[in-house]
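By convention here, the first residue in the shown sequence is residue 1.
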Amino acid sequence: RKSVCFCLLICMLSVLIGCGGSVPKESTIAVDKKGKITDTIVEEFDKDFYDSEELQGEIESELAEYNKNYATDHITMKKFEVKDGTATLQLVFDGSEYYEDYTETTLFNGTKLSLGDLDGADEAKVLVMETDETVKVEVPGTILAVSAGGNVNVTGKKQAAVADGGLSYIIYK
């Protein structure tokens with residue numbers, strides 16, 4: 001049921017692209033210093049047959065179903081809004097393990113040993129992810145290195161754009 005609802009959500013939102021306010025104007029995965037993952041999905045939502053209230057209810061129901069397996073909620077909906085033909089959904093995950101479990105995609109955030117000659121390697125963390133679309137990624141520290149292969153482009157001190165194409169690595173401190 002979780003997978004079906006999530007697929008429905010992604011399908012409905014994938015037919016969709018861009019809006020915001022205080023949230024990102026494009027689909028973004030952000031990691032904070034405590035390891036929480038904020039996944040913002042921004043897509044077009046402009047078909048007459050789309051029902052935002054129904055979709056929001058399905059998302060809330062799916063999150064409640066997922067969270068009932070734990071003593072505390074590990075995934076929360078921070079924002080759901082449909083405005084000017086654009087849907088913005090923002091989910092907060094207590095850690096990468098909950099993101100991976102819920103979305104059934106790879107995302108790891110943690111420390112990495114033996115980073116070799118990188119400056120500040122003793123303090124470095126690594127974000128490992130796999131995506132089937134281009135997504136903006138924000139980390140809480142300075143990006144030191146990214147995986148080779150061209151699917152990760154550093155766009156700022158703490159930002160990168162990750163395109164589909166297997167596992168992607170962002171090392172930061």
Q) Salt bridge or not for Glu81 and Lys83, using N-O below 4.0 Å? A)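 Salt bridge between Glu81 and Lys83, a charged N being under 4.0 Å from a carboxylate O: no.
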How about [X] and [Y]: do any of their side-chain heavy atoms sit closer than 4.5 Å?
| X | Y | answer |
| --- | --- | --- |
| Pro24 | Val42 | no |
| Thr38 | Ile29 | no |
| Val146 | Val154 | yes |
| Ile170 | Val126 | no |

**Q.** side-chain contact (heavy atoms from CB on, under 4.5 Å) against Thr134, all qualifying residues, sequence neighbours excluded
**A.**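 side-chain contact (heavy atoms from CB on, under 4.5 Å) list for Thr134, sorted by chain: Ala163.
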Q: Identify, with sequence neighbours excluded, every residue that meets side-chain contact (heavy atoms from CB on, under 4.5 Å) alongside Lys36.
A: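 Partners of Lys36 under the side-chain contact (heavy atoms from CB on, under 4.5 Å) test: Asp32, Val92, Asp94.
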From [X] atom [atom1] to [Y] atom [atom2], the distance as rounded to the nearest 0.5 Å:
| X | Y | atom1 | atom2 | result |
| --- | --- | --- | --- | --- |
| His74 | Leu63 | NE2 | CG | 13.0 Å |
| Met129 | Leu167 | CE | CG | 10.0 Å |
| Asp51 | Gln56 | CG | CD | 10.5 Å |
| Phe80 | Ile41 | CZ | CD1 | 10.5 Å |
| Ser168 | Asn151 | OG | CG | 3.5 Å |
| Glu62 | Leu91 | CD | CG | 9.0 Å |

Under 3.5 Å: donor-acceptor pair, side chain of [X], backbone of [Y]:
| X | Y | answer |
| --- | --- | --- |
| Asn67 | Ile75 | yes |
| Ser61 | Ile59 | no |
| Thr131 | Glu133 | yes |

Q.
Run the ring pair (Phe, Tyr, Trp, His ring centres under 6.0 Å) test against Phe108 and tell me which residues pass, sequence neighbours left out.
A.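 Once residues adjacent in sequence are excluded, Phe108 has no partner under the ring pair (Phe, Tyr, Trp, His ring centres under 6.0 Å) criterion.
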Q | Asn69 atom CG, neighbour heavy-atom count above 12 within 6.0 Å | A |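 Atom CG in Asn69 is crowded, with more than 12 foreign heavy atoms closer than 6.0 Å.
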Q) Does any pair with a residue in residues 147-167 pass salt bridge (charged side-chain N to carboxylate O under 4.0 Å, His left out), and if so which ones, sequence neighbours excluded? A)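 Sorted pair list comes back empty.
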Q: Would you please indicate yes or no on a ring centroid separation below 6.0 angstrom for Phe93 and Tyr99?
A: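 Judged by ring-centre distance (under 6.0 Å), Tyr99 and Phe93 do meet the cut-off.
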(Q) Side chains of Asn109 and Tyr172 only: does a donor on one sit below 3.5 Å from an acceptor on the other? (A)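 Tyr172 and Asn109 do have a side-chain donor-acceptor pair below 3.5 Å.
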Q: Decide side-chain contact (heavy atoms from CB on, under 4.5 Å) for Lys136 and Gln159; before the verdict, give the C-alpha distance in whole Å, the side-chain angles of both, and the deciding distance to 0.1 Å.
A: CA-CA 7 Å; Lys136 180 180 171 186; Gln159 296 88 23; 4.2 Å; yes
Q: Can you sort out the partners of Glu100 under side chain to side chain donor-acceptor pair (under 3.5 Å), two or more places apart, ordered by chain and number?
A: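 In terms of side chain to side chain donor-acceptor pair (under 3.5 Å), with neighbours along the sequence ignored, Glu100 is linked to no residue.
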Q. What residues, two or more places apart in sequence or in another chain, satisfy side chain to side chain donor-acceptor pair (under 3.5 Å) together with Thr155?
A.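 Here no residue qualifies.
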Q. Checking side-chain hydrogen bond (donor to acceptor under 3.5 Å, both in side chains) for the pair Asp73/Tyr66: CA distance, chi angles, key distance, verdict?
A. CA-CA 9 Å; Asp73 290 354; Tyr66 180 87; over 6 Å; no
Q) Step by step, would you call Gln90 with Thr40 a side-chain contact (heavy atoms from CB on, under 4.5 Å)? A) CA-CA 4 Å; Gln90 197 167 49; Thr40 304; 2.9 Å; yes
Q: Walk me through it: do Lys173 and Lys125 pass the test side-chain contact (heavy atoms from CB on, under 4.5 Å)?
A: CA-CA 6 Å; Lys173 74 169 193 173; Lys125 293 189 177 237; over 6 Å; no
Q) Do you know which two heavy atoms are closest between Ile37 and Gly95, and how far apart they sit? A)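 For Ile37 versus Gly95, the nearest heavy atoms are CG1-C, 4.0 Å.
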